[in-house]
Amino acid sequence: MIASVTLNPAVDYTVELSEPLTDGAVARSDEHRYDAGGKGINVSKYLTELGVETVATGVAGGFLGRSLLERLSAAAIDADFVEIDGETRLNTTLLGPDGEYKINQNGPRIAPPAIEEIVDTLREYDPETVVIAGSLPPGTGPETIDRLAAAGPWETVVDVGGATLADLEAEYALCKPNHEELAAATGRRVDDVQSAIAAAEELQTDGFERVVASLGADGAIMATPDRTLRAPAADVDVVDTVGAGDALLSGVLAARTRQESDAVALRSGVAVASRVVSVSGTRAPSLTGLRDERESISVSAY
Ligand SMILES: O=P(O)(O)OC[C@@]1(O)O[C@H](CO)[C@@H](O)[C@@H]1O
């Protein structure tokens with residue numbers, strides 16, 4: 001089983017605008033949707049759709065926390081969250097003809113006892129893998145992630161900010177940075193595929209057995225103890241990139257549960273991400289019949 005931990009979950013509010021935003025003018029919207037979100041929760045949503053056993057945990061509070069849990073339950077995502085006094089956040093994505101705008105709130109403060117309750121929850125489920133993903137809300141820090149990673153026999157996967165990655169001290173099976181996070185974690189300039197590979201390889205020797213980096217239109221790379229792999233992005237019509245990194249990670253993790261090779265895992269991640277960017281919001285699209293897409297993705301080794 002794979003357990004996800006989302007310390008800063010959100011209700012994702014996605015609004016489609018037919019005209020660009022203009023200062024002083026009312027923007028009208030025809031379409032909007034609400035999804036249970038936050039990076040770990042997305043991983044559990046996509047893993048569930050991929051048929052991988054998973055439970056989502058973390059903290060939730062207030063009416064948005066209740067809405068989040070109702071959405072997970074309606075989508076048959078196994079969830080076991082710790083209730084907190086604060087209000088779960090609302091994160092907004094505006095999809096307009098001129099681009100994609102994302103507004104993320106900082107989230108409520110988390111007190112140390114809530115982290116210990118998450119540890120108890122994880123021990124109860126006894127997962128093989130724990131995925132800790134998303135921003136750190138007030139009251140938490142890199143030591144919170146190290147605590148969760150070291151609290152049981154599981155392997156731990158992280159998708160957290162670059163500065164946080166640099167401060168982690170426990171051993172991690174995998175991390176999933178993007179361009180900016182690779183740069184922040186290593187202090188290197190990352191502005192093309194080659195510099196991303198160099199940064200991922202450096203990070204790989206620094207406590208992360210594998211580094212899977214999402215590079216947007218440049219696809220994805222995976223630095224392993226033996227070599228680095230690269231897969232280009234699939235050629236699809238992109239509606240909304242929110243959740244693409246979570247989808248990449250889910251595809252990689254799903255393949256790992258089937259003991260697939262690193263190359264197949266990377267192709268599987270890119271194939272899942274290509275489905276997720278084809279729909280708006282962070283809903284899980286149908287992820288059946290991915291084999292052809294996966295096999296059409298070429299992987300090069302460095
Ligand atoms: O503010 P964070 O925790 O870094 O990111 C949160 C978030 O933007 O990430 C997910 C997409 O990856 C969304 O579901 C969610 O709103």
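If you're wondering where the values come from, they're calculated on a predicted model, not measured in any experiment. Below, each value reflects all heavy atoms present in this structure, side chains not excepted, and no hydrogens, waters or symmetry copies. Position 1 is the first residue of the sequence; numbering continues from there.
Side chains of Thr241 and Glu100: a donor-acceptor N/O pair is present below 3.5 angstrom, by distance only. Looking only at atom types and distance, the side chain of Asp80 has no donor-acceptor partner in the side chain of Thr121 under 3.5 Å away. Using modelled atom types, one finds a donor on one side chain and an acceptor on the other under 3.5 Å when comparing Asp192 with Ser195. Neither side chain, Asn42 nor Lys39, offers a donor N or O lying under 3.5 Å from an acceptor on the other.
Taking the side chain as every heavy atom from C-beta outward, Leu249 and Leu174 approach each other to under 4.5 Å. Inter-residue side-chain proximity for Asp146 and Leu168 is flagged as met; some heavy-atom pair is nearer than 4.5 Å. Between Tyr46 and Thr282, some side-chain heavy-atom pair lies under the 4.5 Å cut-off. Put simply, the side chain of Gln194 reaches to within 4.5 Å of the side chain of Tyr302, judged on heavy atoms. A heavy-atom distance below 4.5 Å is not found between the side chains of Val55 and Ser44. You'll find the side chain of Leu7 reaches within 4.5 Å of the side chain of Ile115, heavy atoms only. A heavy-atom distance below 4.5 Å is not found between the side chains of Leu148 and Val130. The closest side-chain heavy-atom distance from Leu248 to Val272 is not below 4.5 Å.
Grouping the Ile, Leu, Val, Met, Phe, Trp and Tyr side chains by contacts below 4.5 angstrom, directly or via other members, places Met222 apart from Val160. Both Val252 and Val131 sit in one connected hydrophobic cluster of ILVMFWY residues. Membership requires side-chain heavy atoms under 4.5 Å apart, directly or through other members. Grouping the Ile, Leu, Val, Met, Phe, Trp and Tyr side chains by contacts below 4.5 angstrom, directly or via other members, places Val15 apart from Val279. Ile118 and Ile145 fall within a single hydrophobic cluster, where Ile, Leu, Val, Met, Phe, Trp and Tyr are joined by side-chain heavy atoms under 4.5 Å apart, directly or via other members. Connection of Ile297 to Val276 is established within a shared hydrophobic cluster, with ILVMFWY side chains joined at heavy-atom distances below 4.5 Å, either directly or through further cluster members.
The local environment of CD in Glu169 is sparse, with at most 12 non-hydrogen atoms from other residues, nucleotides or ligands closer than 6.0 Å. More than 12 heavy-atom neighbours from other residues, nucleotides or ligands sit within 6.0 angstrom of CG on Asp191. Atom CG of Asp120 is surrounded by more than 12 heavy atoms from other residues, nucleotides or ligands within 6.0 Å. Enclosure of atom CZ in Arg123 by more than 12 non-hydrogen atoms of other residues, nucleotides or ligands within 6.0 angstrom is indicated. Atom CD of Glu143 is surrounded by more than 12 heavy atoms from other residues, nucleotides or ligands within 6.0 Å. Applying the 6.0 Å contact sphere to CG of Asp237 captures no more than 12 heavy atoms from other residues, nucleotides or ligands.
In this structure, Arg66 CZ and Glu70 CD are separated by 8.0 Å, a value rounded to the nearest 0.5 Å. Within the model, atoms CG of Leu229 and OG1 of Thr224 stand 6.0 Å from one another, a figure rounded to the nearest 0.5 Å. In this structure, NZ in Lys45 is found 11.5 Å from CG in Leu287, a value given to the nearest 0.5 Å. The CG atom of Asp159 sits 7.5 Å away from atom OG of Ser214, with the distance rounded to the nearest 0.5 Å. With rounding to the nearest 0.5 angstrom, the OG1 atom of Thr164 is 11.5 Å from the CD1 atom of Ile132.
Between Arg28 and Glu19, none of the side-chain N atoms (NZ, or NE/NH1/NH2) sits under 4.0 Å from a carboxylate O, so this pair counts as no salt bridge.
Judged as a salt bridge (charged side-chain N to carboxylate O under 4.0 Å, His left out), the pairs with a partner in residues 245-266 (not counting sequence neighbours) are, in order, Glu155-Arg256, Arg210-Asp262, Arg258-Glu260. Residue pairs meeting the ring-ring contact (aromatic ring centres under 6.0 Å, His included) criterion with at least one partner in residues 73-118, sequence neighbours excluded, do not occur; the list is empty. Each salt bridge (charged side-chain N to carboxylate O under 4.0 Å, His left out) pair with one or both residues in residues 275-294, not counting sequence neighbours, appears once here: Arg275-Glu293, Arg291-Glu295.
Although no hydrogens or angles enter the test, the distance criterion places a donor-acceptor pair under 3.5 Å between the side chain of Arg89 and the main chain of Gln105. No donor-acceptor pair closer than 3.5 Å links the side chain of Glu83 to the backbone N or O of Gly61. A donor-acceptor pair is defined here as one N or O able to donate and one able to accept, closer than 3.5 Å; such a pair exists between the side chain of Glu87 and the backbone of Leu64. Between the side chain of Thr93 and the backbone N or O of Thr14 there is no donor-acceptor pair closer than 3.5 Å. Put simply, the side chain of Glu181 gets close to the backbone of Asn178: a donor and an acceptor are under 3.5 Å apart. The backbone N or O of Asn106 lies less than 3.5 Å from a partner atom in the side chain of Asn8, making a donor-acceptor pair. Distance alone, capped at 3.5 Å, is enough to place a donor-acceptor pair between the Ser29 side chain and the Glu16 backbone. At distances below 3.5 Å, not a single donor-acceptor pair connects side-chain atoms of Thr48 with backbone N or O atoms of Ile77.
Nearest heavy atoms, Ala60 versus Leu68: CB-CD2, 4.3 Å. Between Asp218 and Arg230 the shortest heavy-atom distance is O-NH2, 3.1 Å. Across all non-hydrogen atoms, the minimal contact from Ala234 to Ser274 is CB-CB, 3.7 Å. In plain terms, the two heavy atoms of Leu95 and Ser280 that are nearest each other are CD1-CB, 4.0 Å. Pairing each heavy atom of Asp35 with each of Gly281, the nearest pair is OD2-CA, 3.5 Å. Closest non-hydrogen pair, Ser278 versus Val239, comes out as O-CG2, 3.3 Å.
With sequence neighbours left out, the ring-ring contact (aromatic ring centres under 6.0 Å, His included) criterion links Tyr172 to Phe208. Thr144 meets the side-chain hydrogen bond (donor to acceptor under 3.5 Å, both in side chains) test with no other residue; sequence neighbours excluded. For the side-chain contact (heavy atoms from CB on, under 4.5 Å) test, no residue two or more places apart in sequence or in another chain qualifies with Ser73.
Tested against Thr54, the residues Leu253, Thr129, Leu47, Val43 include a single side-chain contact (heavy atoms from CB on, under 4.5 Å) partner, Leu47.
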